[in-house]
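Inspection log for the structure reproduced underneath, given as structure tokens.
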Amino acid sequence: MKVDVIGDIHGCYNELCTLFEELGYQKKQDIYVHPDGRIPVFVGDLTDRGPASIKVIQLVFEMVIKQKKAKYVPGNHCNKLYRFFLGNKVKHIHGLETTVAEYEALDKKMQGHVSQQFMRLYEESPLYLQIPEANVVVAHAGIKKSYIGRHDKRVETFVLYGDITGKFDEAGRPIRRDWAQHYEGDTWIVYGHTPVKNPRIVNKTINIDTGCVFGNKLTAFRLPEETIVSVPSLQPYNNEKFRSFPEE
Ligand SMILES: [Mn+2]
């Protein structure tokens, strides 16, 4: 199986369409299809902060649930939006406010439609994906080797939020352990969640969240080729949002 894992989109619908074109996909009716039957895998965080979160939900729903031509794992922003649609009290901050504003501008009928689509997408998708045919595991914030195959609460927290310590840095951002440094598996772990200026490969792991919504680029990692394809962002650049690592 040939797959194209796509990083955090965060409502950057136009960049997503450009990325599909760059990857050789063709628009057929409402979705993008690759002539060689390649499978797109969305690494989560479809919405929030960017300009067109609802359009991203609709496209991904159509591809993953309706036509079964793509796969998806949820990110932490997806989890929060799901809780919003459930009617739970969630704070409209960290980008959720943009998705909610788009949603509230829709008429009631369309609102019902979109919330149904997103909730179904979320409920029918696994916490993380093991695709042995492509020798890859896809998890939004990554996964430790010993967690692969487990689906308990601890693993759920890890794949959604990363290896958090419970502590925060001076800027108020959660301090995370660098789990990738300790990964020794032979299976690729493809993830996103932490914006980096360039895809970051450590052992057999790759972070493909290249901060499209912060003005950098949207990235795909193709397997089995192990090639990277990125398209430039159309959003304003925000340098503060990118994490750098000591070895870079
Ligand atoms: Mn994200």
Side-chain angles (χ1 to χ4, degrees), residues 4-23 40-57 59-60 72-81 93-99 102 138-143 158-164 168-181 188-202 205-222 227-248:
D4 297 315
V5 189
I6 297 172
D8 300 39
I9 302 164
H10 285 296
C12 295
Y13 177 80
N14 289 336
E15 291 90 333
L16 176 60
C17 296
T18 307
L19 181 62
F20 275 131
E21 283 160 22
E22 196 68 29
L23 293 167
V41 182
F42 299 100
V43 80
D45 280 4
L46 304 177
T47 63
D48 295 0
R49 295 195 177 107
S53 292
I54 303 290
K55 282 171 89 172
V56 176
I57 292 173
L59 176 62
V60 173
Y72 154 84
V73 296
N76 53 309
H77 285 259
C78 305
N79 172 274
K80 196 172 174 193
L81 183 59
I93 54 171
H94 301 310
L96 180 64
E97 67 280 10
T98 69
T99 306
E102 275 188 58
V138 180
H140 178 67
I143 190 165
F158 194 102
V159 298
L160 289 177
Y161 302 97
D163 202 355
I164 48 176
F168 297 86
D169 68 13
E170 321 81 66
R173 288 173 299 206
I175 295 174
R176 300 168 192 156
R177 289 182 203 96
D178 197 5
W179 60 275
Q181 293 289 355
W188 274 103
I189 309 286
V190 185
Y191 67 106
H193 188 56
T194 303
V196 284
K197 285 182 185 166
N198 290 300
R200 176 175 184 254
I201 297 181
V202 176
T205 76
I206 180 167
N207 177 357
I208 56 167
D209 179 10
T210 46
C212 187
V213 78
F214 300 124
N216 191 38
K217 54 194 175 183
L218 183 64
T219 295
F221 186 58
R222 321 191 86 172
T227 53
I228 291 164
V229 175
S230 300
V231 297
S233 169
L234 303 168
Q235 315 307 316
Y237 192 68
N238 185 347
N239 193 47
E240 284 163 34
K241 296 292 183 181
F242 293 90
R243 167 102 186 253
S244 53
F245 291 85
E247 75 274 21
E248 282 156 21

| Does the pair V73 and V159 meet the rule for a side-chain contact (heavy atoms from CB on, under 4.5 Å), with working shown? | CA-CA 10 Å; V73 296; V159 298; over 6 Å; no

Considering all heavy atoms, the nearest [X]-[Y] contact:
X: C78; Y: L46; answer: SG-N, 3.8 Å
X: F214; Y: P195; answer: CE1-CG, 3.9 Å
X: I206; Y: P199; answer: CD1-CB, 4.0 Å

| field | Non-neighbouring partners of Y191 that pass ring pair (Phe, Tyr, Trp, His ring centres under 6.0 Å), sequence neighbours left out | value | W179

Please list, one pair per line, the donor and acceptor atoms closer than 3.5 Å that link side chains of residues 12-20 to other protein atoms, with sequence neighbours excluded.
{"residue": "E15", "atom": "OE2", "partner": "L234", "partner atom": "N", "Å": "2.8"}
{"residue": "E15", "atom": "OE2", "partner": "Q235", "partner atom": "NE2", "Å": "2.8"}
{"residue": "T18", "atom": "OG1", "partner": "N14", "partner atom": "O", "Å": "3.0"}

| query | Within the distance-only criterion (no hydrogens, no angle test), does the side chain of E102 pair as donor or acceptor with the backbone N or O of S53 below 3.5 angstrom? | reply |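 Yes: the side chain of E102 pairs with the backbone of S53.
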
| Spacing of Y161 atom OH and N76 atom CG [to the nearest 0.5 Å] | 6.0 Å

| query | With a 4.5 Å limit on heavy-atom distance, are the side chains of H10 and T98 in contact? | reply |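 In short, these two side chains do not touch, never coming nearer than 4.5 Å.
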
| message | Between V231 and K217, is there a side-chain heavy-atom distance shorter than 4.5 Å? | response |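 With C-beta onward as the side chain, the pair stays apart.
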
| Those residues that, when tested against D4, pass salt bridge (Lys or Arg N to Asp or Glu O under 4.0 Å) (two or more places apart) | R38, R222

Does a donor on one side chain and an acceptor on the other come within less than 3.5 Å for [X] and [Y]?
X: D8; Y: H193; answer: no
X: H94; Y: D48; answer: no
X: N216; Y: K241; answer: no
X: T219; Y: T210; answer: yes

